[in-house]
Enquirer: 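Mind having a look at this structure? Questions to follow.
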Amino acid sequence: MKVLVTGASGYIGSHTCLELLKAGHDVVGFDNFSNSSPKSIERVRELAGKDMRLETLDLRETEKLTALLKEGFDAVVHFAALKAVGESVEKPKLYMENNVGGTASLLGAMEIAGCSRLVFSSSCTVYGAVEKSPVGERHPRAAVNPYGQTKLDIEDMCYELASEDKSWKIALLRYFNPVGAHESGRIGEDPKGIPNNLMPYVMQTAVGRREFVNVWGDDYPTPDGTGVRDYIHVVDLALGHVAALSKLEEFQGAQAVNLGAGRGYSVLEVIAAAAKAAGKPIPHKIMPRRAGDAAAIWADASLAKKKLGWETKRGLDEMCADHWRWQKDNPEGYGE
Ligand code: NAD
Ligand code: UD1
């Protein structure tokens with residue numbers, strides 16, 4: 001297939017471009033580089049041993065986007081978005097404009113260009129405050145912050161579009177917690193500033209960029225008292241997109257599918273696995289709970305298996321070993 005990838009040079013985008021190229025697809029990507037470096041795609045080309053085009057483009061530049069789409073694409077894989085929860089609370093309008101406005105622009109351009117196949121990056125954040133896991137796709141949706149609201153709004157836009165125009169086929173992939181890096185250590189997550197998410201913080205501590213990990217609460221009703229999440233290796237996640245593209249014709253309009261491992265690990269389990277991977281202890285301190293955190297959330301991943309023929313293959317040790325290799329070989333990320 002000829003596939004257009006938005007947000008191509010970002011963390012999940014770059015890993016997905018690589019797996020798409022390896023699967024034999026013809027890939028064109030674009031990004032506005034607000035949260036990434038084009039270097040990731042230089043490395044993707046090296047790893048794939050193939051070329052792919054990378055354009056500088058913003059989702060909201062509808063005319064340019066329409067012209068690009070008119071080149072003729074079989075499908076779009078849409079990653080481009082802002083994703084920092086804290087920033088979304090400070091700048092809700094920016095998140096609405098960039099994520100929701102940007103997606104409206106993309107969908108409009110796709111309509112004009114006659115492309116009606118979309119794979120969209122949604123998130124388990126659409127399940128809101130989860131009280132019981134595993135969480136299936138029928139769990140009620142709720143937004144707990146402006147970032148989450150953008151995912152909800154975009155899902156709704158897709159549901160409406162596909163119910164009005166039956167030619168659309170849309171996979172709303174709800175990711176759980178992506179971590180890890182390509183096994184080569186050449187591409188990985190390069191968060192700007194102080195990481196909010198656990199794994200990058202743990203790895204930056206292991207490499208000496210941070211003094212210790214703050215463990216946000218050890219009094220949750222979980223086996224060791226710390227928060228439990230469904231961590232998914234980014235390469236498994238990337239392969240989930242390859243699977244979704246191959247099954248998109250079987251979709252009925254817009255449909256949501258969880259991409260998770262279907263099991264959870266606690267904060268202390270992650271720190272222990274990361275210490276094993278790094279071959280050194282990782283200092284950490286128990287702190288009060290972080291506001292808004294759920295005790296535990298993991299996916300019911302059975303629909304992905306049934307519908308996409310996909311399931312995760314890489315466990316926590318591999319996630320940590322690969323993330324560590326990337327962090328150790330690239331302590332400053334892509335270095336910009
Ligand atoms: P990322 O920030 O690394 O990648 C997103 C990319 O989109 C970046 O390269 C950024 O520069 C680009 N971008 C942002 N706004 C743009 C715009 N208006 N026009 C063009 N490019 C734009 O993030 P990621 O972790 O790779 O996430 C990819 C997608 O997956 C996002 O939609 C995110 O919300 C979603 N998601 C991520 C996670 C996670 O934990 N990483 C979890 C669930 C869902
Ligand atoms: C966060 C986002 C969520 C997003 C998801 C994607 C918030 C409130 N939620 O969720 O919207 O979809 O990332 O990956 O930001 N932890 C620590 N110390 C740290 C960091 C985290 O103990 O320094 C704990 C948290 O309390 C949690 C677990 O580690 O129990 C995972 O945290 P994190 O990586 O931030 O992911 P989520 O909270 O699941």
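Keep in mind it's a predicted model, so treat the numbers as computed, not measured. Numbers here simply count residues along the sequence, with the first being 1.
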Enquirer: Which residues, ordered by chain and number, are linked to L82 in its hydrophobic cluster, where ILVMFWY side chains connect at heavy-atom gaps below 4.5 Å, directly or through other members?
Expert: V85, L94, Y95, Y147
Enquirer: Going by atom types only, do R229 and N197 share a side-chain donor-acceptor pair under 3.5 Å?
Expert: no
Enquirer: Is I41 linked to L20 within one hydrophobic cluster, defined over Ile, Leu, Val, Met, Phe, Trp and Tyr using a side-chain heavy-atom separation of less than 4.5 Å?
Expert: yes
Enquirer: Could you pull out all residues at least two apart from S40 that satisfy side-chain hydrogen bond (donor to acceptor under 3.5 Å, both in side chains)?
Expert: none
Enquirer: So how far is it from L4 CG to D74 CG, rounded to the nearest 0.5 Å?
Expert: 11.0 Å
Enquirer: To the nearest 0.5 Å, how far apart are CG in D329 and CZ in R186?
Expert: 8.5 Å
Enquirer: Run the salt-bridge test on K39 and E42 with the 4.0 Å N-O cut-off and return the result as yes or no.
Expert: no
Enquirer: Checking H284 now: which residues fulfil ring pair (Phe, Tyr, Trp, His ring centres under 6.0 Å) with it, not counting sequence neighbours?
Expert: none
Enquirer: Taking the side chain as every heavy atom from C-beta outward, state whether C124 and V135 have any atom pair closer than 4.5 Å.
Expert: no
Enquirer: Should D51 and R45 count as an ion pair when the cut-off is N to O under 4.0 Å?
Expert: yes
Enquirer: Between R141 and D156, does a salt bridge (charged side-chain N to carboxylate O under 4.0 Å, His left out) hold up when you go through it step by step?
Expert: CA-CA 11 Å; R141 296 178 318 151; D156 286 341; 2.7 Å; yes
Enquirer: Tell me the ring-ring contact (aromatic ring centres under 6.0 Å, His included) pairs involving residues 21-61, sequence neighbours left out?
Expert: none
Enquirer: Taking only residues two or more places apart in sequence, or in another chain, which ones meet Y11 in a ring pair (Phe, Tyr, Trp, His ring centres under 6.0 Å)?
Expert: H15
Enquirer: Using the rule that Ile, Leu, Val, Met, Phe, Trp and Tyr join whenever any side-chain heavy atoms are under 4.5 Å apart, tell me whether I187 and V242 fall into a single cluster.
Expert: yes
Enquirer: What ring-ring contact (aromatic ring centres under 6.0 Å, His included) pairs are there with at least one residue in residues 107-127, not counting sequence neighbours?
Expert: H78-F120, Y127-H139
Enquirer: How would you list, by chain and number, every residue that makes a side-chain hydrogen bond (donor to acceptor under 3.5 Å, both in side chains) with K50, sequence neighbours excluded?
Expert: none
Enquirer: Quick one: hydrophobic cluster around V144, which other residues, with the 4.5 Å side-chain cut-off, linked directly or via members?
Expert: none
Enquirer: Applying side chain to side chain contact (heavy atoms under 4.5 Å, CB included), can you list everything that pairs with E311, at least two apart in sequence or on another chain?
Expert: K305
Enquirer: Below 4.0 angstrom, N of the basic side chain to O of the carboxylate: do E87 and K192 qualify?
Expert: no
Enquirer: Restricting to pairs with a member in residues 285-328, which pass ring-ring contact (aromatic ring centres under 6.0 Å, His included), not counting sequence neighbours?
Expert: W326-Y334
Enquirer: I would like to know whether E318 and K313 meet salt bridge (charged side-chain N to carboxylate O under 4.0 Å, His left out); could you show each step before the answer?
Expert: CA-CA 10 Å; E318 206 170 339; K313 298 226 158 55; over 6 Å; no
Enquirer: Which residues satisfy the side-chain hydrogen bond (donor to acceptor under 3.5 Å, both in side chains) test with D165, sequence neighbours excluded?
Expert: S167
Enquirer: Under a single-linkage definition using a 4.5 Å side-chain heavy-atom cutoff for Ile, Leu, Val, Met, Phe, Trp and Tyr, are V5 and L259 assigned to the same hydrophobic cluster?
Expert: yes
Enquirer: Under a 4.5 Å side-chain heavy-atom rule over Ile, Leu, Val, Met, Phe, Trp and Tyr, are M199 and V234 clustered together?
Expert: no
Enquirer: Name all pairs fulfilling the ring-ring contact (aromatic ring centres under 6.0 Å, His included) condition that reach into residues 194-253, sequence neighbours left out, sorted by first residue then second.
Expert: F79-H241, Y175-H241
